[in-house]
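Quantities reported herein were computed from a predicted structural model and do not represent experimental measurements. Just so we're on the same page: letters track the sequence lines, and every chain starts at 1. Heavy atoms only: backbone and side chains are in, while hydrogens, waters and symmetry mates are out.
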Amino acid sequence: MIVPVGALAALSAILFGIGLFGFLARRNLLLMFVSVEIMLNAVNLSLVGFSRHLGDPRGQGLALFVIAVAAAEAGIGLGLLLVLNRNAPGAGVADLNRLKG
Amino acid sequence: MQVAAFYAMAGISVLSALLAVTRRNPVHSMLWLLVLFVQVAGIFLLLGAEFLAAVQVIVYAGAILVFYLFVVMLLNLADEASLPRFAPHWPLAAVAGGACAALAWLVHDAVFSPAGDAAGAFSQGSPHGIGMALFGPFLLPFEVVSLLLLVAIVGAIVLMRRKGSGS
């Protein structure tokens with residue numbers, strides 16, 4: 001008995017919704033990045049599930065690319081966060097209302 | 001047996017994701033995120049994607065999460081516990097997230113296109129299968145991703161360089 005692909009897509013949608021809520025609602029930039037990671041994991045689950053369902057390994061290749069993009073995003077995003085913190089302590093997004101550094 | 005294990009891991013992952021986005025202490029959020037990553041790796045194993053499960057544990061739980069923890073410790077978030085966790089518009093965000101999660105109810109019983117051949121699916125998650133996909137149809141995207149990682153490295157160095165210290 002294998003895992004039904006519908007249940008996997010449902011889990012993916014629920015995790016994506018949780019990540020979306022966290023990204024929109026959290027006030028702290030760091031926790032917003034955490035929510036993005038949750039959303040990327042949800043997409044990966046969906047990709048791997050359908051790759052299994054369709055018997056096509058290309059979905060898993062795409063999931064690998066998503067992981068690489070997540071690593072790049074974490075590096076740049078957290079670097080930006082540290083620079084912002086150097087200029088104005090705290091990681092709240094509410095005070096980031098100027099483009100000029 | 002497999003389906004029961006899947007539902008157990010799915011339940012734990014949803015619970016840990018909820019805790020990760022709602023905890024007040026950022027370190028606690030990171031640790032719940034670690035639980036989520038390990039559960040997702042377990043689901044990958046159940047689906048026969050052994051290579052991706054290993055990458056999930058090594059890259060996500062090993063590298064990215066440790067990086068996040070380092071940043072939590074570099075930032076001074078001592079007053080974080082006394083500030084509100086959510087922005088004032090959080091009910092709207094809850095509606096958006098809930099609407100997205102409600103899609104689960106639609107897709108759970110949806111009829112998808114028929115499954116592919118199970119014989120080909122048997123070995124597709126092995127490093128051999130992934131490698132044949134990466135260096136066959138995905139050769140150009142693979143090279144682009146390596147360029148993307150290089151750009152991220154250079155960008156991080158440029159960002160962290162202090163003004164005036166560059167040549």
Distance-only donor-acceptor check, side chains A/N44 and B/Q56, under 3.5 Å: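 Short answer, no.
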B/F67 atom CZ, over 12 foreign heavy atoms within 6.0 Å: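 Result for CZ/B/F67: enclosed.
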Please flag which part of [X] lies under 4.5 Å from any non-hydrogen atom of chain A: side chain, backbone, both or neither.
{"X": "B/A104", "result": "both"}
{"X": "B/P141", "result": "both"}
{"X": "B/Y7", "result": "side chain"}
{"X": "B/V59", "result": "side chain"}
{"X": "B/S13", "result": "both"}
{"X": "B/Y68", "result": "both"}
{"X": "B/V72", "result": "both"}
{"X": "B/M132", "result": "neither"}
{"X": "B/V145", "result": "side chain"}

For the student: nearest non-hydrogen atoms of [X] and [Y], plus distance:
{"X": "B/L149", "Y": "A/A68", "answer": "CD2-O, 3.7 Å"}
{"X": "B/A17", "Y": "A/I38", "answer": "O-CD1, 4.0 Å"}
{"X": "A/V83", "Y": "B/L159", "answer": "CG2-O, 3.2 Å"}
{"X": "A/I76", "Y": "B/A152", "answer": "CD1-O, 3.6 Å"}
{"X": "B/G129", "Y": "A/P57", "answer": "O-CB, 4.2 Å"}
{"X": "A/L20", "Y": "B/C100", "answer": "CD2-CB, 4.2 Å"}

Options A/L45, A/L78, A/I67, ranked by heavy-atom pairs under 4.5 Å with chain B, top entry: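 The answer is A/L78.
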Which answer fits [X], side chain, backbone, both or neither, if we ask what part of it has an atom under 4.5 Å from a heavy atom of chain B?
{"X": "A/L11", "answer": "side chain"}
{"X": "A/F23", "answer": "neither"}
{"X": "A/A42", "answer": "neither"}
{"X": "A/L15", "answer": "side chain"}

Most contacts with chain A, counted as non-hydrogen pairs under 4.5 angstrom, among B/V144, B/L65, B/L36, B/L103: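 Looking at each option in turn, the highest pair count goes to B/L36.
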Just verifying a value: how many Å separate [X] [atom1] and [Y] [atom2], rounded to the nearest 0.5 Å?
{"X": "B/L134", "Y": "A/R58", "atom1": "CG", "atom2": "CZ", "result": "12.5 Å"}
{"X": "A/E73", "Y": "B/I64", "atom1": "CD", "atom2": "CD1", "result": "8.0 Å"}
{"X": "B/H89", "Y": "A/R27", "atom1": "NE2", "atom2": "CZ", "result": "11.5 Å"}
{"X": "B/I43", "Y": "A/S12", "atom1": "CD1", "atom2": "OG", "result": "10.0 Å"}
{"X": "A/L80", "Y": "B/M160", "atom1": "CG", "atom2": "CE", "result": "9.5 Å"}

Parallel, tilted or perpendicular, as decided by the 30° and 60° cut-offs, for the rings of B/W90 and A/F21: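 Answer is perpendicular, since the angle exceeds 60°.
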Single-linkage hydrophobic cluster B/L69~B/L74, side-chain heavy atoms < 4.5 angstrom: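 Yes; B/L74 is reachable from B/L69 via cluster members.
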Single-linkage hydrophobic cluster B/W32~A/M32, side-chain heavy atoms < 4.5 angstrom: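 B/W32 does not cluster with A/M32.
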Residues B/F138, A/L62; criterion side chain to side chain contact (heavy atoms under 4.5 Å, CB included); working and verdict: CA-CA 9 Å; B/F138 281 144; A/L62 264 182; 4.1 Å; yes
A/R26 side chain to B/F86 backbone, donor-acceptor under 3.5 Å: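 Not a single qualifying donor-acceptor pair exists.
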